[in-house]
**Student:** 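I have a structure here, written as structure tokens, and I will follow up with some questions on it.
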Amino acid sequence: MWLVWDMSILLSALSLVIMLLLIARRVLHERRGTAAADQRRFLLTALIAFTENRDREALKAVLLSVPASVAIDAGFEFISLLRGEEHDDVVAAFNECGLPALIGKQLERGNGAERIHAAEMLAALRSENAVASLLSALDRDRSREVRIAAAIALCDVGALPPLVITLRKIGIAGQRSRRLIELFRRFPPRRFEELEDHAGRQDAVPFTRAAAIDALARSGGFRFADFFARAVGDPSAEVAAAALRALGLTGHTDAPTILVKAMANDDWDVRADAANAAGRLGLSELAAPLAQLMDDEAWTVRYAAANALRSFGQPGERVLQEIAASEVSRSQRTASLILAEGPAI
């Protein structure tokens, strides 16, 4: 009996101690958070003042007075808002305070999110050893997402290795990451041929080939239209669909013929993107094949075809009205739905 009472008292005391420890931990955490917020405001005030008085020594004194983590995070956010001489002067002050070296250590020893953030900061500061640190991360970091972040940073500072080498270092598993789209879109125009070569490689990952086509369409313009026209016939549906989206942006003299053929493709993604491209290019002469797609088994294809017809204005509206007035079917229901949405904006 006494043993039960003793155990009850012991457990109660232990619970009380644990509760007190948790309370103390929370109070300490809140105090640290308040202190960090105060230090952050102090630094941001100094950075704003620097943009007006350009007193670099005063800014450096503030940078050295706050914890490195606060200086790195708040400073990086502030730098992203600046342009021109103000940006260069603040970056110079950060470099003179030795912050790039601390960021380099974070790139080596931090957790995954910290290492990705460090890669972005090194690109923004463009310090003397930034390229070496980023190349090391691209070559040896255990996380593919960090390697991709290092590649993006290297692209920003104009030091990215050849694309074939970069992708090999990222690894096959990382070549389905959507951040590769960001990497390709940052490619400088002088290196667009690398993207074109990669997009045309049959042995490359289809996702990266499609991402390369997307980047070329957005930044390269009509100069790659012939390449897009050829890529529409690629065995990979993912690549063919990307090429159709690209043609919808750039156009091509043979676009009507190419799109009609693509509308008969076995893959519904390809058919849908062919319909979208016809609407984007305003190819009202394709109203007949688009009307046939209105009876496609895939809802996405039917909706894309109906939207394309609607984008043609009155001629397309008449086709949709005729279909909507016909017997009940998939095409009739789709046409009625599109017409109910109102005219294209």
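Start at 1 with the first residue, then count along the sequence. These numbers were taken from a predicted model, which means no experiment stands behind them.
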**Student:** Taking all atoms of both residues into account, what is the closest heavy-atom pair of Asp139 and Lys169, and its distance?
**Tutor:** OD1-NZ, 2.7 Å
**Student:** Tell me if a side-chain donor or acceptor on Arg144 pairs with a main-chain N or O of Ile170 at a distance below 3.5 Å.
**Tutor:** no
**Student:** Does Asp214 pair with Arg218 as a salt bridge, N-O distance under 4.0 Å?
**Tutor:** yes
**Student:** What's the shortest heavy-atom distance between Pro161 and Arg191, and which atoms?
**Tutor:** O-NH2, 2.9 Å
**Student:** For the side chain of Arg147 and the backbone of Arg140, is there at least one donor-acceptor N/O pair under 3.5 Å apart?
**Tutor:** no
**Student:** Do the side chains of Glu182 and Arg186 get close enough for a salt bridge, i.e. N-O under 4.0 angstrom?
**Tutor:** yes
**Student:** Would you list the atom pairs, donor with acceptor, under 3.5 Å between side chains in residues 272-287 and any protein atom, with sequence neighbours excluded?
**Tutor:**
from, atom 1, to, atom 2, distance (Å)
Asp273, OD2, Arg245, NH1, 3.1
Asn276, ND2, Ala272, O, 3.3

**Student:** Name the residue from Gln292, Arg302, Met294 that meets the side-chain contact (heavy atoms from CB on, under 4.5 Å) definition with Ser331.
**Tutor:** Met294
**Student:** For Ala215, is there any backbone N or O sitting under 3.5 Å from a side-chain donor or acceptor partner on Arg185?
**Tutor:** no
**Student:** With a 3.5 Å distance limit and no angle check, can you tell me whether Glu96 reaches the backbone of Ala93 through a side-chain donor-acceptor pair?
**Tutor:** no
**Student:** Distance only, no hydrogens: is a donor on one side chain within 3.5 Å (strictly under) of an acceptor on the other, for Gln332 and Ser336?
**Tutor:** yes
**Student:** Using every non-hydrogen atom in the two residues, find where Asn95 and Pro100 come nearest and quote the distance to one decimal.
**Tutor:** OD1-CG, 2.9 Å
**Student:** Using atom types as modelled and distance alone, determine if a side-chain donor or acceptor of Gln106 lies under 3.5 Å from a backbone N or O of Glu114.
**Tutor:** yes
